[in-house]
Amino acid sequence: MWSLISFCRNGASSTVSNGCGLMRKWNWSPMNFKNPEEFILSTLADFLNQKNLNDIQPVLQKPKEEQFGDFSTSLALQLAKPLRSKPAEIAAEIKNFFPVQNEYLSKIEIAGPGFLNFFAAVNNVYDQFRQILNSAGRFGLTDLNSGKTALIEYVSANPTGPLTIGHGRQAVLGDTLTRLLEATGYKVQREYYFNNAGRQMRILGESVRLRYLQLLGVNTEFPEDYYQGEYIRDIARQILAEFGAALKDDTENTIFKDRAEQAIFTDIKNTVSRLGFAFDTFFNEKSLYDDKKIDAVVADLRSRGLVEDRDGATWFLTTKIGFEQDRVIIKSSGEPTYRLPDIAYHVDKVKRNYDLIVDIFGADHIATYPDVLAGLQALGLPTAQIKVLIHQFVTLTEGGKVVKMSTRKANFVTLDELMDEVGVDVTRYFFLMRHMNAHLNFDLGLAKTQSDENPVFYIQYAHARICSIKTLAAERGVTYQPNLHIELLQSGEELNLIKHLIQFPELVRSAAENFEPHRLVNYLFDLANLFHKFYTLCRVISDDAALTLARLSLIDATRLVIANGLRLLGISAPEKM
RNA sequence: GCGCCCUUAGCUCAGUAGGAUAGAGCAACUGCCUUCUAAGCAGUCGGUCGGAGGUUCGAAUCCUCCAGGGCGUACCA
């Protein structure tokens with residue numbers, strides 16, 4: 001696939017034409033650039049500068065075809081119109097603009113209608129490769145956003161029942177995005193927003209109370225819209241064990257609700273912990289009422305003429321700020337709708353001054369966030385730092401058939417049950433492997449397969465294979481030293497692997513910047529593929545001592561990148577399989 | 001009706017700012033284990049990128065319209 005390398009010149013400027021007619025090759029000084037990309041982009045920018053075309057941004061791509069070099073640009077094609085010249089002629093001019101001798105490129109070719117194809121100097125590739133083992137566990141991390149803070153809110157399910165598979169996708173996405181943001185330097189706080197006050201929680205408490213009465217032999221009806229799950233009975237049983245029949249006539253029921261909330265939150269935290277992370281803060285909606293932040297938002301909006309009392313309810317006049325209809329924020333019953341606390345919560349978040357605020361919602365919440373952002377803007381607060389991510393739903397399939405996610409126990413409705421069935425690594429991998437905009441088809445049959453059909457193991461297997469080779473090398477008394485003799489790595493399989501490895505930091509950066517963890521999954525899959533190909537064709541431990549050492553460095557670097565990548569995904573990197 | 005997302009191989013999906021011959025996994029078929037893990041590798045088969053226009057030297061990608069699917073469009077969260 002073609003790939004965009006970089007849009008900026010990273011400040012590593014080369015010499016600029018000085019207007020005295022000197023060709024830049026005379027005053028070009030070496031050692032200014034980290035890699036060929038920077039060198040090419042800088043030189044292209046200088047070319048454009050000389051032509052007074054500074055508004056054009058040169059773009060580099062990575063051709064998928066080896067014959068088209070390591071980097072390619074269609075700049076000459078773009079310039080054909082402004083320069084009123086033929087692309088091929090412009091390409092030739094650009095090619096001549098590059099210094100003949102430089103340490104970054106081995107050659108430049110003009111191909112097709114006017115593409116410029118750049119071939120990286122192999123020594124430069126080796127230099128970049130050495131960074132992998134030199135950086136070790138830190139390879140792939142950048143300090144791009146160091147010093148910045150981020151808040152990421154996700155899951156945020158009210159404590160009315162165990163986490164479902166839908167929550168699972170969000171939990172894994174959120175955790176992995178956190179890890180990716182941290183890899184670019186952010187200090188990230190994971191927050192879980194919940195409400196233990198509203199109607200749902202009242203029904204929860206009542207559900208437990210009714211089950212408790214049933215356990216006591218009271219013949220009572222259990223309404224259909226109450227919580228049907230077996231976990232309600234479990235909680236009722238615990239209360240029965242502790243209090244006996246003492247609560248039989250207690251209709252106040254706060255004990256039922258409180259015990260239910262407590263038990264369910266414990267359960268949720270355990271599930272999250274199994275997935276491999278923990279939330280830093282749990283933000284209770286109730287605190288917004290206690291701290292009068294709800295009232296403050298209404299008062300503030302009212303003072304701006306954006307609130308009106310009508311039909312016994314309080315309305316947010318969103319039509320005044322460009323929406324099609326006004327929204328009720330306080331019902332005639334006196335209870336706020338979800339919009340009001342949502343706005344107040346976001347006001348609180350914004351005032352906590354994070355450089356980045358990420359909200360992850362399921363597709364069913366698509367309608368809520370425009371109102372929230374509009375509310376913030378109406379209150380004069382900034383929203384540019386807020387990134388709202390919407391993910392599509394999960395469909396469970398098995399044997400090509402959709403598994404209905406009903407409340408019936410027999411189906412895998414909870415995240416815990418899914419992890420019991422397929423394990424944490426598979427769970428995380430399947431939730432991460434698709435773009436979050438796409439509906440996720442979770443193939444239970446495939447996930448359960450502990451064999452070659454399961455893509456998770458393909459990556460892990462590469463890691464385990466490498467560990468096995470390293471063990472064998474040690475057993476045979478090979479003294480391994482990192483980065484020795486790597487110039488001996490010259491075959492196509494070896495160079496393909498090396499070139500893929502050195503892209504890792506850029507890949508991590510772009511996955512984080514675009515909030516797209518699935519890119520890392522695809523990258524690691526491709527990496528494993530390149531390794532397996534190398535493994536098949538190149539023997540690591542051989543009679544050639546120098547080549548053995550070189551290849552040990554290559555597989556060790558591969559192992560490191562796989563391990564670092566899997567760590568970002570929260571997936572284990574087993575040494576044996 | 002309106003809003004957001006989706007439509008790419010038989011199935012599940014990639015395709016990262018518009019680039020060169022559209023990729024992978026699964027499924028089907030064929031080879032490769034006396035050599036560091038065959039949970040692997042190599043190969044065959046498979047596509048009017050939902051449809052129609054448009055912009056461009058160049059479109060799966062951008063714009064418009066249409067069709068199909070999902071989710072919303074509450075004084076539910």
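Predicted model only: the values in this text are computed from it and were never measured. Numbered from 1 within each chain, the chains take letters A, B, ... in sequence-line order.
The residue A:Phe525 sits close only to the backbone: its heavy atoms come under 4.0 Å of sugar-phosphate atoms, none of a base. Residue A:Glu335 is classed as having no contact, given no heavy-atom separation below 4.0 Å to the nucleic acid. Across all strands, A:Asn529 comes closer than 4.0 Å only to sugar-phosphate atoms, never to a base (heavy-atom distances). Within 4.0 Å of A:Glu493, counting heavy atoms only, lies no atom of the nucleic acid at all. Residue A:Asp342 is classed as having no contact, given no heavy-atom separation below 4.0 Å to the nucleic acid. Using a 4.0 Å heavy-atom criterion, one finds that A:Cys538 contacts the bases of the nucleic acid, with or without backbone contacts as well. A:Arg199 comes within 4.0 angstrom of the backbone, heavy atoms only, and of no base.
Contact check of residues 540-562 of chain A against RNA chain B (heavy atom, cut-off under 4.0 Å) returns A:Val540, A:Ile541.
Remark: C1' of B:U12 and OH of A:Tyr429 are 12 Å apart, rounded to the nearest angstrom. Whole-Å rounding puts the A:Tyr458 OH to B:U12 C1' distance at 18 Å. What separates CZ of A:Arg465 from P of B:A39 is a distance of 8 Å, to the nearest Å. Look at CG on A:Asp443: it is 13 Å from P on B:C26, rounded to the nearest Å. The distance from atom CG of A:Leu440 to atom P of B:C6 is 15 Å, rounded to the nearest whole Å. Atom-to-atom, CZ of A:Phe457 to P of B:A39 comes out at 12 Å; the value is rounded to the nearest Å.
A donor and an acceptor atom never sit less than 3.5 Å apart when one is taken from the side chain of A:Ser333 and the other from the base of B:C75.
One C1' atom belongs to B:A9, the other to B:A24, and the distance between them is 11 Å to the nearest Å. Taking atom P on both B:C75 and B:C13, the two are 35 Å apart, rounded to the nearest angstrom. Atom C1' of B:G47 sits at a distance of 34 Å from the matching atom of B:G72, rounded to the whole Å. For B:C45 and B:G23, the C1' atoms lie 16 Å apart once the distance is rounded to whole Å. Rounded to a whole angstrom, the distance from the P atom of B:A52 to that of B:G31 is 42 Å. On the P atoms, B:U21 is 40 Å away from B:C2, given to the nearest whole Å. Rounded to a whole angstrom, the distance from the P atom of B:A59 to that of B:G53 is 14 Å. Taking atom C1' on both B:G51 and B:A67, the two are 7 Å apart, rounded to the nearest angstrom.
Judged by a 6.0 Å distance limit and a 45° cone about the ring axis, A:Arg465 is not positioned over the six-membered ring of A:Phe531.
For the OP1/OP2 pair of B:C6 and a distance below 4.0 Å, the side-chain nitrogens and oxygens of A:Asn437 include at least one atom meeting the criterion. For B:A77, one of the phosphate oxygens OP1 or OP2 lies less than 4.0 angstrom from a side-chain nitrogen or oxygen of A:Lys331. Regarding contacts with the backbone of B:C36, every side-chain N or O of A:Lys470 stays at 4.0 angstrom or more from both OP1 and OP2.
Of all nucleotides listed (B:C75, B:A39, B:C2), B:A39 comes nearest to the side chain of A:Met577. Considering only side-chain atoms of A:His532, the nucleotide from B:C36, B:U16, B:C41 that sits closest is B:C41. Which of B:A42, B:C76, B:U21 sits closest to the side chain of A:Gln67 comes down to B:U21. Set against B:A77, B:C36, B:A22, the side chain of A:Leu472 has B:C36 as its closest nucleotide. When distances run from any side-chain atom of A:Lys533 to the nucleotides B:C41, B:G19, B:C75, the shortest one goes to B:C41.
Ionic pairing of A:Asp326 and A:Lys320 is not present here: no N-O contact between side-chain nitrogen and carboxylate oxygen is shorter than 4.0 angstrom. Using a 4.0 Å cut-off between charged side-chain N and carboxylate O, A:Arg551 and A:Glu494 make a salt bridge. A salt bridge does not link A:Arg339 with A:Asp342: none of the charged nitrogens is closer than 4.0 Å to a carboxylate oxygen. Between A:Glu513 and A:Arg519, no side-chain nitrogen of the basic residue sits less than 4.0 Å from a carboxylate oxygen of the acidic one, so the salt-bridge criterion is not met. Between A:Lys95 and A:Glu109 there is no salt bridge, since no side-chain nitrogen of the basic residue lies less than 4.0 Å from a carboxylate oxygen of the acidic one. A salt bridge links A:Asp70 to A:Lys499: at least one charged side-chain nitrogen sits closer than 4.0 Å to a carboxylate oxygen.
Judged by distance alone, with hydrogens and angles left aside, the side-chain atoms of A:Glu191 form no donor-acceptor pair with the main-chain N or O of A:Phe283 at under 3.5 Å. Within the 3.5 Å criterion, the main-chain N or O of A:Glu285 finds no donor-acceptor partner in the side chain of A:Asn195.
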> Going through the checks in order, is the ring-ring contact (aromatic ring centres under 6.0 Å, His included) test met by A:Tyr338 and A:Tyr345?
Replying inline: CA-CA 11 Å; A:Tyr338 63 90; A:Tyr345 173 46; over 10 Å; no
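In summary, the aromatic rings of A:Tyr369 and A:Phe361 are positioned with their centroids too far apart to meet the 6.0 Å limit. In this structure, the ring of A:Phe68 has its center no less than 6.0 angstrom from the ring center of A:Phe115.
Between atom CG of residue A:Leu173 and atom CZ of residue A:Arg169 there is a gap of 6.0 Å, rounded to the nearest 0.5 Å. Considering CG of A:Asn514 and NE2 of A:His435, their distance stands at 8.5 Å, rounded to 0.5 Å.
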> Just the dot-bracket of RNA chain B, please: which string comes out with Watson-Crick or G-U pairs under 3.5 Å, [ ] for crossing, | for another strand?
Replying inline: (((((((..((((.....[...)))).(((((.......))))).....(((((..]....))))))))))))....
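Residue A:Leu177 comes nearest to A:Ile360 through the heavy atom pair CD1-CD1, 4.0 Å, listed as atom of the first residue, atom of the second, then distance.
Ranked by how close their nearest RNA chain B nucleotide is to the 5' end, A:Lys576 and A:Arg310 are led by A:Lys576. Summary of the strand contacts: A:Ala438 and A:Asp526 both lie near RNA chain B, and taking for each the nucleotide with the nearest heavy atom, the more 5' one is attributed to A:Ala438.
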>> Protein within reach of the bases, or only the backbone? For nucleotides 69-74 of chain B, mark each nucleotide 5' to 3' as B, S or -, using heavy atoms under 4.0 Å.
In response: -SSSSS
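Residues forming a side-chain hydrogen bond (donor to acceptor under 3.5 Å, both in side chains) with A:Tyr458 (at least two apart in sequence, or on another chain): A:Asn529.
Ring planes of A:Phe279 and A:Tyr154: tilted class, angle from 30 to 60°. Classification of the A:Phe194-A:Phe282 ring pair by plane angle, with boundaries at 30° and 60°, yields perpendicular.
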Listing time: all N or O pairs from protein to nucleotides 57-59 of chain B that are below 3.5 Å?
{"unit_1": "B:C57", "atom_1": "OP1", "unit_2": "A:Lys81", "atom_2": "NZ", "d": "3.2"}

Just the table, please: protein N/O against nucleotides 30-34 of chain B N/O, every pair under 3.5 Å.
none

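Checking A:Glu516, A:Gln170, A:Met436 one by one against A:Leu389, the side-chain contact (heavy atoms from CB on, under 4.5 Å) holds for a single residue, A:Met436.
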